[in-house]
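Please read the structure below before turning to the comments.
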2 protein chains.
Amino acid sequence: MGRMTEKADLASGRATLSDVAREARVSLATADRVLNNRAGVHAKSIARVREAVARLNYRPDPAAARLARTRSHRWCLVLPSGGNAFVAQLQAELAACRAWLEDHRASVQILEVDVFEPQRLADLLRSLQGQCETAIVMGLDHPLVQNAIDGLVDGGCEVITLVSDVPRSRRHAYVGIDNAAAGRTAASLLGRFVGREPGEVGVVAGSLSLRDHAERCLGFNQVMTTEFTHLTVLPAVQGKDSPALNEVLVRQLLAEHPRLRAIYSVGAGNAGISAALKAAGREREVVFIGHELTPAARADLLDGTLDAVINQDAGHEIRSALRQALARATREPVHADQERIRIDIYLKDNLP
Amino acid sequence: MGRMTEKADLASGRATLSDVAREARVSLATADRVLNNRAGVHAKSIARVREAVARLNYRPDPAAARLARTRSHRWCLVLPSGGNAFVAQLQAELAACRAWLEDHRASVQILEVDVFEPQRLADLLRSLQGQCETAIVMGLDHPLVQNAIDGLVDGGCEVITLVSDVPRSRRHAYVGIDNAAAGRTAASLLGRFVGREPGEVGVVAGSLSLRDHAERCLGFNQVMTTEFTHLTVLPAVQGKDSPALNEVLVRQLLAEHPRLRAIYSVGAGNAGISAALKAAGREREVVFIGHELTPAARADLLDGTLDAVINQDAGHEIRSALRQALARATREPVHADQERIRIDIYLKDNLP
DNA sequence: CTGTTAGCGCTTTCAC
DNA sequence: GTGAAAGCGCTAACAG
């Protein structure tokens, strides 16, 4: 219907913002204002531009936008202090994204904070207000933290939770796995690996007040109690993700339960569990399943101490969080499919 | 040592090609020629530019390059005709990359060819000469094909093999999984799921002359014969990836081997195997492991017919092939880590 | 063999 | 409210 311009019609390429501006009978600047939701444009103009965008099927060229943009993006990444191997992996993967960040005119500041101190984390989050345009936080699901996140969001900061969600907050996105499903996966694998003989199953968690650990336990128990009724899941013991503590706990478990058939390690500190099993000479006969493919886990998988590892790809998580931060900042679309974090299962045979 | 320019020194941003040109005392155009290995530059100039690049730590801005480039990329994707579900997934994932392709000024032409006809495939490949700058081919490992690939490569076409490699060819890259490792993974899982009772294990392949199928069998047998000696792996039967043929073959298997404990399906056509198991009422007791998470496989996993699926992520493979095609065309670096295709294991519990 | 110059499609002052 | 115009950092003619 509408009159069409030669260029929009004939040119093999896509419509540009100038095309849109011309069609809408406004200037390039005004078209840009509408596209980027900047204030101070007459409703009439807005409508005309929108209409032209739709009619010409206009999509901004991200390369041009990136090149023209002078302001650069400031993001923050909040991680637990005290360096367990998985957190170290996240840091390493971030470092590997340096060139990508430069290319996209973005910089990331890493902040460390004690995970077990909700107040500290909340304070830190609050201090980020105005310091960065988006905060990527590997958090702790606690009312104080939830509240601090909501405060940041209200202040106009984008918030993305990483690895461990704070679902009741108003964070803009969560990058990580479904931990209940991960727990169920561990249970299916463990149950089938143990086989028919009855016996007990030990569960070693870091802390059940960590949302991801609690959810994994939930999923695990759900499957064990419905599908593997010949196995008794012992109450979870908590070792604060510490190898030393875990070792003691597993020694006790082994001593007290001669029929212990398997161990599910929900959190970190697997080295301790591995050590206790080896000390008892039962590392081959007790089925042992844990999380996160660290270098140590890899070795234990290869020598048969660990039977399977449930993993979330740290590199994928970091890249996904960064891509989403960028997409939100530039209002580019995200390829949802590519951002779904998989629950990886590793046996010794399919190690990367 | 070298005298440095204000801009290179002080500016917070990165060095630009103009900086490099100035430092090397040549023009922008000459600097560009060196950077893009274009002919007709004095050795002296080349050296000076290279030195300046190194000294300033110059890295081209991909956004600027993409914007300035007028020529667009023409790529071809060669797929087997006859549409099995996995190939359909690849097509769908390519379609989902449309916007990405547009943004990168690239277009992909899909070509279908009968996989079981090496001569046809070889002819098709040869016809691509000069038609596209890179060919992404899901091929067939046969001397004729290998030869055609080498011909393309000699003619200056980039070649990337997808899903099934042609390792003796001079293709520039392979995007896909290690199929022997995938076979080993299937064996480990199957062996442990079956448990201690002795019995037979059936193997259903599409065609052992397909490299990926042959390699999976190899890996599978390797693990079965060393780690699960109480199980006897029957000779592989070949069903050409056809559900109908596979159903007949599995009916026979079930009839002839009352102690059949498990089936490993190496290729496509799992619907037939599933049907045969259900017809015999043995779908829950026979362990069934196959490849590729198609919609049908998903359903069989959920109802317990399939016990595990070994998968390669079609979306990841397509995106990875496209990114590598782009990287080769623009000589941008690739993030190797991100391009490694995982051997995914899916149980009903960790379905995406 | 080398340099000059005009864009690519946006963003962003700065004037009106 | 709106528009004109100057870049962003590279590529690609086109002259020398």
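Every chain is numbered from 1, with letters handed out A, B, ... down the list of sequences.
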Applying side chain to side chain donor-acceptor pair (under 3.5 Å), name anything that partners [X], two or more places apart in sequence or on another chain.
{"X": "A:His316", "result": "none"}
{"X": "B:Gln131", "result": "none"}
{"X": "A:Arg323", "result": "A:Glu339, B:Gln338"}
{"X": "B:Gln129", "result": "none"}

How long is the line joining [atom1] of [X] and [atom2] of [N], in whole Å?
{"X": "A:Arg22", "N": "C:dG9", "atom1": "CZ", "atom2": "C1'", "value": "13 Å"}
{"X": "B:Ile46", "N": "C:dT2", "atom1": "CD1", "atom2": "C1'", "value": "13 Å"}
{"X": "B:Arg66", "N": "D:dT11", "atom1": "CZ", "atom2": "C1'", "value": "14 Å"}
{"X": "B:Arg69", "N": "C:dG9", "atom1": "CZ", "atom2": "C1'", "value": "16 Å"}
{"X": "A:Leu67", "N": "D:dA6", "atom1": "CG", "atom2": "P", "value": "17 Å"}
{"X": "A:Leu17", "N": "C:dT12", "atom1": "CG", "atom2": "P", "value": "13 Å"}
{"X": "A:Leu56", "N": "C:dG9", "atom1": "CG", "atom2": "C1'", "value": "15 Å"}
{"X": "B:Arg14", "N": "D:dC8", "atom1": "CZ", "atom2": "P", "value": "15 Å"}

| Do any of residues 326-334 of chain B sit with a heavy atom less than 4.0 Å from DNA chain C, and if so which? |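 Nucleic-acid contacts, sorted: none.
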Of the candidate nucleotides [options], which contains the atom at the shortest distance from the side chain of [X]?
{"X": "B:Ala29", "options": "D:dA12, D:dC10, D:dG3", "answer": "D:dA12"}
{"X": "A:Arg105", "options": "D:dG3, D:dT11, D:dG9", "answer": "D:dG9"}
{"X": "B:Asp61", "options": "D:dG9, D:dT2, C:dG9", "answer": "D:dG9"}
{"X": "A:Arg71", "options": "C:dT2, C:dT12, C:dG9", "answer": "C:dT12"}
{"X": "A:Tyr58", "options": "D:dA12, C:dG3, C:dC10", "answer": "C:dC10"}

[X]: which residues meet the salt bridge (Lys or Arg N to Asp or Glu O under 4.0 Å) condition with it, sequence neighbours left out?
{"X": "B:Glu317", "value": "none"}
{"X": "B:Arg50", "value": "none"}
{"X": "A:Arg340", "value": "A:Asp337"}
{"X": "A:Arg69", "value": "none"}

| field | DNA chain D contacts among residues 30-40 of chain A, heavy-atom distance under 4.0 Å | value |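 Under 4.0 Å from DNA chain D: A:Thr30, A:Arg33, A:Gly40.
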| With a 4.0 Å cut-off on heavy atoms, is B:Ala65 in touch with a base, just the backbone sugar-phosphate, or nothing at all? |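 Sugar-phosphate, no base atom in range.
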| So how far off straight is the helix from C:dC1-D:dG16 to C:dC16-D:dG1, going by the axes through five pairs at either end, to 10°? |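 Axis-to-axis angle, ends of the helix: 40°.
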| Is it true that a side-chain atom of A:Arg171 and a backbone atom of A:Ile149 form a donor plus acceptor pair closer than 3.5 Å? |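 Side chain of A:Arg171 to backbone of A:Ile149, a donor-acceptor pair under 3.5 Å: no, none is there.
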| message | Looking at B:Asp19 and B:Thr16, would you say the former's side chain and the latter's main chain have a donor-acceptor pair under 3.5 Å? | response |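 Judged by distance alone, yes, a pair lies under 3.5 Å.
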| Any residue meeting side-chain contact (heavy atoms from CB on, under 4.5 Å) with A:Pro60, in chain and number order, not counting sequence neighbours |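 side-chain contact (heavy atoms from CB on, under 4.5 Å) check on A:Pro60 returns A:Leu35, A:Tyr58.
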| field | Given DNA chain C, 5'-ward residue of the pair B:His42 and B:Ala68, judged by closest heavy atom | value |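 It is B:His42, whose closest nucleotide lies nearer the 5' terminus.
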| said: So, does A:Ser27 get its side chain near the phosphate of D:dG3, meaning an N or O under 4.0 Å from OP1 or OP2? | reply: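 True: A:Ser27 side-chain N/O within range (under 4.0 Å) of D:dG3 OP1/OP2.
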| query | Would you say D:dT2 has OP1 or OP2 under 4.0 Å from some side-chain N or O of A:Ser45? | reply |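 True: A:Ser45 side-chain N/O within range (under 4.0 Å) of D:dT2 OP1/OP2.
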| field | Closest non-hydrogen atom pair between A:Leu67 and B:Ala64, with its separation | value |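 So the minimum-distance heavy-atom pair works out to CD1-CB, 3.7 Å.
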